[in-house]
Amino acid sequence: MRYDLVIFDNDGVLVDSEPLSNTILAGYLTELGHPTSYEESIRDFMGSAMHRIHELVLERTGRRLPTDFDEVFHGRVFEAFERELRPVAGVTEVLEKLDADGVPYCVASSGSHERIRVGHRTTGLDRWFPAGRVFSAQDVGRGKPAPDLFVHAARARGVAPERCVVVEDSPLGVRAAVAAGMDVYGFTAMTPAEKLTEAGGVSGLFGRMAELPELLR
């Protein structure tokens with residue numbers, strides 16, 4: 001294995017949450033008077049920390065989202081997770097292989113710690129991600145595309161950035177990984193390959209989780 005630490009994004013990479021959360025986000029923004037389609041939500045907000053949603057809406061409309069926006073949105077998302085969330089196809093086999101090969105890994109997500117915990121508990125991924133392997137944008141001052149989260153995760157795990165590889169499915173995440181000085185592999189299950197390559201610096205692309213272990217060798 002070429003790397004001392006594999007850093008996974010969460011939404012869309014470990015848990016198949018992007019269709020659920022972006023459907024809910026688009027609907028809620030539209031309900032609040034900011035008409036947004038599912039496709040626009042994916043384009044503008046996939047991979048974002050919550051503060052970026054607030055910033056973009058304010059920038060575009062001059063209006064702030066309600067103070068309870070995050071609470072209401074997450075409540076709706078968590079309800080949907082409990083009913084429908086599944087792990088990304090093939091990811092449990094990848095995690096089992098990393099464990100068998102003794103390769104350290106963690107998750108670094110734009111989502112809150114609560115969102116990560118709910119998603120992992122619902123899908124059974126919590127067995128692979130105890131607290132010491134979970135990092136959230138809540139832990140740093142700036143979310144993706146800033147490199148802060150990935151740098152923080154590497155430092156906490158005691159690994160130099162150049163010995164880390166990031167698995168991402170959003171252009172924001174790719175930009176953050178490159179800015180952190182890490183290799184990054186783009187997962188194209190939901191995001192067109194060209195969108196990830198346009199973000200710059202991807203070491204490779206893959207469309208099925210089963211392909212990942214070979215890429216990391």
Side-chain angles (χ1 to χ4, degrees), residues 1-19 21-22 25 39-53 55-56 88-91 94 98 103 105-111 115-116 119 133-157 159-217:
M1 184 70 69
R2 287 180 288 151
Y3 303 101
D4 295 333
L5 181 65
V6 181
I7 304 176
F8 290 95
D9 176 44
N10 188 55
D11 294 292
V13 172
L14 295 177
V15 295
D16 193 18
S17 53
E18 294 291 6
S21 59
N22 281 282
L25 178 58
E39 291 75 18
E40 289 167 337
S41 183
I42 291 285
R43 181 194 68 199
D44 295 341
F45 302 122
M46 183 171 162
S48 298
M50 289 301 295
H51 68 81
R52 189 168 185 271
I53 300 173
E55 291 164 0
L56 280 179
V88 166
V91 79
V94 170
L98 292 176
V103 179
Y105 56 87
C106 65
V107 58
S109 172
S110 293
R115 178 182 174 122
I116 299 168
R133 289 181 177 175
V134 177
F135 303 95
S136 162
Q138 287 181 312
D139 302 330
V140 296
R142 300 180 299 169
K144 305 169 190 179
D148 305 35
L149 176 56
F150 290 136
V151 171
H152 169 65
R155 184 180 297 122
R157 299 293 297 177
V159 179
E162 62 270 19
R163 298 296 304 159
C164 298
V165 62
V166 175
V167 183
E168 264 288 354
D169 71 335
S170 76
L172 291 176
V174 169
R175 287 165 54 195
V178 171
M182 301 175 181
D183 285 355
V184 55
Y185 284 91
F187 184 42
T188 61
M190 277 199 62
T191 307
E194 60 270 21
K195 294 294 183 183
L196 297 176
T197 55
E198 285 169 7
V202 290
S203 302
L205 299 166
F206 68 106
R208 296 183 304 112
M209 270 296 156
E211 303 169 43
L212 180 60
E214 192 61 36
L215 291 175
L216 300 180
R217 292 189 180 279

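Values below: every heavy atom of this structure, side chains too, minus hydrogens, waters and symmetry copies. When a residue number appears, it is its place in the shown sequence, counting from 1. These numbers come from a predicted model, not from an experiment.
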S.K.: If I take atom OG from residue S21 and atom CG from residue D16, how far apart are they, to the nearest 0.5 angstrom?
M.R.: 9.5 Å
S.K.: Looking at residues at least two apart in the chain, or sitting in another chain, which of them share a ring-ring contact (aromatic ring centres under 6.0 Å, His included) with Y3?
M.R.: none
S.K.: List the atom of S110, the atom of A137, and the distance in Å for their closest heavy-atom pair.
M.R.: O-CB, 3.6 Å
S.K.: Quick one: side-chain contact (heavy atoms from CB on, under 4.5 Å) partners of V178, sequence neighbours excluded?
M.R.: V174, V184
S.K.: Any non-hydrogen side-chain atom of I7 less than 4.5 Å from a side-chain atom of M182?
M.R.: yes
S.K.: Taking only residues two or more places apart in sequence or in another chain, which ones pass side chain to side chain donor-acceptor pair (under 3.5 Å) with S41?
M.R.: N22
S.K.: Please report the closest heavy-atom contact between A160 and C164, naming both atoms and the distance.
M.R.: O-SG, 3.5 Å
S.K.: Which residues pass the ring-ring contact (aromatic ring centres under 6.0 Å, His included) test with F135, not counting sequence neighbours?
M.R.: H152
S.K.: For a side chain to side chain contact (heavy atoms under 4.5 Å, CB included) check, start with the C-alpha distance between F150 and V166, then their side-chain angles and the critical distance, and finish with the verdict.
M.R.: CA-CA 8 Å; F150 290 136; V166 175; 3.6 Å; yes
S.K.: Are M46 and L172 side-chain neighbours, meaning at least one heavy-atom pair lies under 4.5 Å?
M.R.: no
S.K.: Kindly write out the residues that satisfy side chain to side chain donor-acceptor pair (under 3.5 Å) with E162, not counting sequence neighbours, or none if the list is empty.
M.R.: none
S.K.: What residues, two or more places apart in sequence or in another chain, satisfy salt bridge (charged side-chain N to carboxylate O under 4.0 Å, His left out) together with D183?
M.R.: none
S.K.: Got a sec, which residues hit side chain to side chain donor-acceptor pair (under 3.5 Å) with R43, two or more places apart in sequence or on another chain?
M.R.: none
S.K.: Going by heavy atoms in the side chains, are V6 and V167 under 4.5 Å from each other?
M.R.: yes
S.K.: Any idea which heavy atoms bring R157 and C106 closest together, and the distance?
M.R.: CG-SG, 4.4 Å
S.K.: Could you work out, with salt bridge (charged side-chain N to carboxylate O under 4.0 Å, His left out) as the rule, every residue matching R163, not counting sequence neighbours?
M.R.: D4
S.K.: Which side-chain N or O atoms in residues 199-217 pair as donor and acceptor under 3.5 Å with protein atoms at least two apart or in another chain?
M.R.:
unit_1 : atom_1 : unit_2 : atom_2 : d
E211   : OE2    : R208   : N      : 3.2

S.K.: Which pair of non-hydrogen atoms, one from G143 and one from A49, has the smallest distance, and what is that distance?
M.R.: CA-CB, 4.4 Å
S.K.: What are the two closest non-hydrogen atoms of D11 and S109, and how far apart are they?
M.R.: OD2-OG, 3.9 Å
S.K.: Could you check whether any side-chain heavy atom of V88 comes within less than 4.5 Å of a side-chain heavy atom of V15, counting everything from C-beta outward?
M.R.: no
S.K.: Which pairs pass side chain to side chain donor-acceptor pair (under 3.5 Å) with one or both residues in residues 186-198, sequence neighbours excluded?
M.R.: none
S.K.: Identify, with sequence neighbours excluded, every residue that meets side-chain contact (heavy atoms from CB on, under 4.5 Å) alongside R142.
M.R.: A146, P147, D148
S.K.: Could you check whether any side-chain heavy atom of L25 comes within less than 4.5 Å of a side-chain heavy atom of I53, counting everything from C-beta outward?
M.R.: yes
S.K.: To the nearest 0.5 Å, tell me how far D169 CG sits from F8 CZ.
M.R.: 12.5 Å
S.K.: Is it true that the NZ or CZ of R133 lies under 6.0 Å from the centre of Y105's six-membered ring and within 45 degrees of the ring axis?
M.R.: yes
S.K.: Are S136 and R115 close enough that a side-chain donor and a side-chain acceptor fall under 3.5 Å?
M.R.: no
S.K.: Do F187 and E168 come within less than 4.5 Å of each other through their side chains, counting heavy atoms only?
M.R.: no
S.K.: For D9, check side chain to side chain donor-acceptor pair (under 3.5 Å) against everything at least two apart and list the hits.
M.R.: K144
S.K.: Do you know the tightest heavy-atom contact between A180 and V151?
M.R.: CB-CG2, 3.9 Å
